[in-house]
Visitor: 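Below is the structure I would like to discuss, written out as structure tokens.
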Amino acid sequence: MPARAPDTEILHPDAQGVARACALLRAGALVALPTETVYGLAGDARNARAIAAIYAAKGRPALNPLIVHVATLEDAEALALFCDGARTCARAFCPGPLTLVVPLRAGHGLAEAVTAGLPSVALRVPAHPLAQQVLAGFGGPLAAPSANPSGRISPTRAAHVMAGLSGRIAAVLDGGDCPVGLESTILGFDAGRPVLLRAGGVDVAALAEVLGEMPAMRDAGSKITAPGQLAAHYAPRAPLRLGVTQPEPGEIWIGFGPDCTGAALTLSERGDLAEAAMRLFAVLHQADETGRPIAVAPVPETGLGLAINDRLRRAAAPRPL
Ligand code: TXA
Ligand code: MG
């Protein structure tokens, strides 16, 4: 008989739960944690075995580097070199849903696999109180990709984590729903000039305002890339169509705004983009559970709508076999 997978502990969002999470992480085990964006699958960023276990639990390609989470901006600057633009953004948006890709400092101490061998590291200071408590209690950097099997929809509640990774990780700290609901905005720098690597929880217009210039959009010719930005990602099991105002029979229709009467699910009935961002992955999980093809109403390409449409396009993209 095959060995039974070990049970994944569900930890309560209290001092005892946080202490247990820290003890497991210190022992090199993996714990899914809530952040304000999505749940992250955390492991000790200095422990090569813990990092290997993250890639294995997710089925993640080894060439796709992980985001390193730290408690404070000082902790971030101890690991990497911040140019003026990076520091300006960090001061404005950390802690929060922003990740900065910056060159590693010598003697950083991170396991090599965290950055997939790149000379740069993606750093984030999460604002979620439970993530902050675990980082403070653990006392070191935590690598944490989104806590979903590679290529699947990101988790915004503990039940999503359990559905994807139960039996493959030590524990999940249950902090309820993630308030932002979309992953962090990722910003890199090319000779000091900002480059948007992934749209996300911080609006690009807000970044442009503090930077005094619009970040360049990453393109095929860019020297700087986010290796994980694959065309097909966030994939539900069933096919997904976008911009649908008139669903086909049999499709489950996800609406946006007050005009989508008859939609089985909605991102935001009142057409609010922050609400749509917060609900996006939970609604996709829910639609996917029906097993029916999914149709999504148009979402405006403004503000958080850029990040929402980015995730939807990748959820709809043809999948590699
Ligand atoms: O909100 C978030 O960012 C969540 C929470 C848990 O923090 N994390 C998250 O991680 O979305 P993940 O692994 O699903 O996405 C990380 C992205 C990948 O596309 C990866 O390629 C990129 O960050 N990345 C990581 N390190 C990088 C580096 N050194 N250079 C460029 N891109 C990097
Ligand atoms: Mg992810």
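Residue numbers count from 1 along this sequence. First listed ligand is number 1; within each ligand, the first listed atom is number 1.
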Visitor: Quick check: does Ser120 get an N/O under 3.5 Å from an N/O on ligand 1?
Guide: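 N/O-N/O distance below 3.5 Å exists for this pair.
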Visitor: So Val172 and Met162, do their side chains get closer than 4.5 Å, heavy atoms only?
Guide: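 Result yes, sub-4.5 Å side-chain heavy-atom pair found.
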Visitor: Between Glu269 and Arg279, does at least one N-O distance fall below 4.0 Å, as a salt bridge requires?
Guide: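 Salt bridge absent between Glu269 and Arg279.
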Visitor: Has Ile186 got any heavy atom lying under 4.0 angstrom from an atom of ligand 1?
Guide: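 Yes; Ile186 lies near enough to ligand 1 that a heavy-atom distance drops under 4.0 Å.
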Visitor: What atoms of ligand 1 come closer than 4.0 angstrom to any heavy atom of Leu118?
Guide: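 Here the atoms of ligand 1 in question are 28 (C), 29 (N), 30 (N).
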Visitor: Under the criterion side chain to side chain contact (heavy atoms under 4.5 Å, CB included), which of Ile10, Val161, Leu11 is the partner of Leu173?
Guide: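 Result for side chain to side chain contact (heavy atoms under 4.5 Å, CB included) with Leu173: Leu11.
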Visitor: Check each atom of ligand 1 against the heavy atoms of Pro145 and keep those under 4.0 Å away; list them by number with element.
Guide: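 This gives 10 (O), 12 (P), 13 (O) as the contact atoms.
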Visitor: Does a donor on one side chain and an acceptor on the other come within less than 3.5 Å for Glu183 and Ser146?
Guide: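 The criterion, which ignores hydrogens and geometry beyond distance, is not satisfied for Ser146 and Glu183.
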Visitor: Going by distance only, is there an N or O of Thr35 that falls short of 3.5 Å from an N or O of ligand 1?
Guide: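 No, since none of the N or O atoms of Thr35 sits under 3.5 Å from an N or O of ligand 1.
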Visitor: Check ligand 1 against Arg124 and write out every atom of the ligand that is under 4.0 Å from a heavy-atom position of the residue.
Guide: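 That gives atoms 1 (O), 2 (C), 5 (C), 7 (O) of ligand 1.
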Visitor: Scan side-chain atoms only and decide if Asn64 and Arg60 contain a donor-acceptor pair under the 3.5 Å cut-off.
Guide: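 Arg60 and Asn64 do have a side-chain donor-acceptor pair below 3.5 Å.
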Visitor: Is the Mg ion (ligand 2) under 2.8 Å from any N, O or S atom of Ser146?
Guide: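 Of the N, O and S atoms in Ser146, at least one lies under 2.8 Å from the Mg ion (ligand 2), which means yes.
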Visitor: Relative to atom 4 (C) of ligand 1, which among Val38, Val195, Val102, Leu33 owns the nearest non-hydrogen atom?
Guide: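 Nearest option to atom 4 (C) of ligand 1, by heavy atoms: Val38.
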Visitor: What part of Arg60, side chain from CB on, backbone N/CA/C/O, both or neither, has a heavy atom under 4.0 Å from ligand 1?
Guide: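 The answer is the side chain of Arg60.
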Visitor: Side chains of Arg124 and Thr37 only: does a donor on one sit below 3.5 Å from an acceptor on the other?
Guide: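 Distance-only check passes for Arg124 and Thr37.
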Visitor: Which of the numbered atoms in ligand 1 are under 4.0 angstrom from any heavy atom belonging to His69?
Guide: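 The atoms of ligand 1 under 4.0 Å from a heavy atom of His69 are 5 (C), 6 (C), 7 (O).
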Visitor: Between Ala86 and Val102, which heavy-atom pair has the shortest distance, and what is it?
Guide: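 The pair with the smallest heavy-atom distance is CB-CG1, 3.9 Å.
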